[in-house]
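Here is the naming used below: chain letters follow the sequence lines, and residue numbers restart at 1 for every chain. All of these numbers come straight from a predicted model, not from anything done at the bench.
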Amino acid sequence: MESFREIPDYLSLVIGKIANDKRCAKTEGDFMIEMHDVWKVYPNGIEALRGIDVKVDQGEFVYIVGPSGAGKSSFIKLMYREEKPTHGVVLINGVNVKRVRDWKIPYVRRRIGVVFQDYKLLPHLSAYENVAFAMEAVETPKREMRPRVQEVLELVGLGDRMKALPSQLSGGEQQRVSIARAIVNNPTFIIADEPTGNLDPENSWDIMYLLEEINARGTTVVMATHNKEIVNTMRQRVIAIEQGVIVRDELEGEYGYED
Amino acid sequence: MKIETTGRHFREAYRGIMKNSWMSFAAMGTVAVTLLIFGVFLIFAFNINYLTKELDKQLAVRASLQDGTPAAKQVEILNKLKQNPLVKTADLVPKDKGLEEMKKSWGDANFIEGLKSGDQNPLPDIIRLEPKDPKKVKQLEAEAKKISGIVAADSGGGVTQTLLGFSGVVRNVILIFGLALSVLAAFLISNTIKLTIIARRKEIEVMRLVGASNWFIRWPFFIEGAFIGITGAILPIGILLILYQAFYNTINSGAAYTVIQMMPVTSLGSYLAVSTFILGAIIGIFGSVLSVRKFLKI
């Protein structure tokens, strides 16, 4: 009986090893996100990131954890090219974001969906319009917009609240709209910067199930979080950053901090 | 740019103007004042250009023949002048014909008639010489004087030069005022656009995040600036054309002899309207560029 109890642990180890081997078999530039010896030093001299090396593959779900001020935000910002690395190489979908010309950055961003703690919804637009806005901004023809917006709003469970303004929606619902907006243009991966930070536990779980479902459909999710319960329960890859350095990168990691 | 997107940019520009309606109105007002001054400059410049061309057309050396020169001698002098390479045309104008022409151009026939004492015509017989190159009129004048039988030769070029020189100074003063005001107007438009950018910073942030192209974000601001500039041009064009028409009528009415030949309103109107609209749009777009470059972080 003792050995039977160990089977699930053994299986998870095998699955983890297979995934790891699969990642190791890939060559440079094949990954969705790659960072090689990345440094981010701000003009005031603060070294937010120091020699980061990381690879994230298609379909992965990755948590970025670490204490406040550890460099998580800088790490995230490098991924959607809000910041440029001071040193090192950041490859997003095979594109070196440091070398990409300014006018081409929007085209890099079109393949990335971003979700924030404060939702960043436009208050004068309805849920539908907020999502459609993202399609309009990338000049999608109007006839393609309506069915796609309806589809993603239904996917996030807001099919019946399309006309509601953000002020008429709960925090959880607003975050769903924000996720719908992030996925409406079919990005290859989603970056979520503390998406549950402003939500109660029940809504937080709803959002996590939603992100999990999106991930299950093949979209990579990279999520920075302080939510210990979620990380420890969902058991996905965990990258821990402290003082600008990756101190832990585990396939089915734990949160690892007390807060 | 797609038609759908173009429509969206115009809607957004309109929204920006309505959101800061008072500021937009103030910017339009400044543009209007600027273009009013610029319009005066343009009218001046167009008319100087017109006048120069007209004067060049009329520029001629009037070579006065000695009183009592026999007809054969007059023809001999005429032929001699016709052979001069500087001469385009040479015409003999007998004193009677000269008096008739003077009557026509002065309008006041009685005044001219009064100049005659009895049957005596005070005018000399003249040969009117049209130069090939208007710039060499003085040279032609000097050469004509050398011919025996010609007592005087005058092109009136000095008056033209003085007139053009004076106009040039006035034109430059207006131009400097206009330019200074244009910069002021552009800054005011830039300030209006800045307010729109600040009001829309959340939208701009979202647009950037979802991958809107830089031009997609910028276009509405340029359209807004151009719209303010062009709208600001409507009022000065109207005012200037009405005033010009009134001035033109005053100058050309009555029998008074006029040295100043003004450009007709019909031909000036289109030049003035197009130039002022273009100028308004340039000021507006320049104002937008100032703001977009400074405040719109893409």
Please classify the contact of [X] with chain B as side chain, backbone, both or neither, using a heavy-atom distance under 4.5 Å.
| X | value |
| --- | --- |
| P187(A) | neither |
| S178(A) | neither |
| L121(A) | backbone |

Report, one line per pair, each donor and acceptor closer than 3.5 Å where one atom sits in a side chain of residues 229-244 of chain B; sequence neighbours left out.
from: T231(B); atom 1: OG1; to: F227(B); atom 2: O; distance (Å): 2.5
from: Y244(B); atom 1: OH; to: N47(B); atom 2: OD1; distance (Å): 3.1
from: Y244(B); atom 1: OH; to: N47(B); atom 2: ND2; distance (Å): 3.1
from: Y244(B); atom 1: OH; to: M263(B); atom 2: N; distance (Å): 3.2
from: Y244(B); atom 1: OH; to: M263(B); atom 2: O; distance (Å): 2.6

Checklist line | chain A contact residues among residues 10-26 of chain B, heavy-atom distance under 4.5 Å | finding: R11(B), R15(B)

Next item on the list: Mind checking the CD-CD spacing from Q168(A) to Q174(A)? Nearest 0.5 Å is all I need.
Entry: 10.5 Å

Could you go through residues 155-165 of chain A and list every donor-acceptor pair under 3.5 Å that involves a side-chain atom there, pairing it with any protein atom two or more places apart or in another chain?
from: R161(A); atom 1: NH1; to: E173(A); atom 2: OE1; distance (Å): 3.3
from: R161(A); atom 1: NH1; to: E173(A); atom 2: OE2; distance (Å): 3.4

Next item on the list: Mind ranking M207(B), R8(B), K202(B), E203(B) by heavy-atom pairs under 4.5 Å with chain A and telling me who comes out on top?
Entry: E203(B)

Notebook entry, point to check: Thinking salt bridges, do K120(A) and D118(A) make one under a 4.0 Å N-O criterion?
Noted result: yes

Check: So, E205(B) and R201(B), do they make that salt bridge, N to O below 4.0 Å?
Finding: no

Next item on the list: Would you mind telling me which of I198(B), I197(B), T196(B), T192(B) makes a side-chain contact (heavy atoms from CB on, under 4.5 Å) with K194(B)?
Entry: I198(B)

Next item on the list: If the plane angle is over 60° it's perpendicular, under 30° parallel, otherwise tilted; pick one for W219(B) and F222(B).
Entry: perpendicular

Notebook entry, point to check: Under a 4.5 Å heavy-atom cutoff, which of M135(A), E136(A), R81(A) has the most pairs with chain B?
Noted result: E136(A)

Distance-only criterion, 3.5 Å: show the donor-acceptor pairs between side-chain atoms of residues 265-274 of chain B and protein atoms not counting sequence neighbours.
from: S267(B); atom 1: OG; to: P264(B); atom 2: O; distance (Å): 3.2
from: S270(B); atom 1: OG; to: S267(B); atom 2: O; distance (Å): 3.3

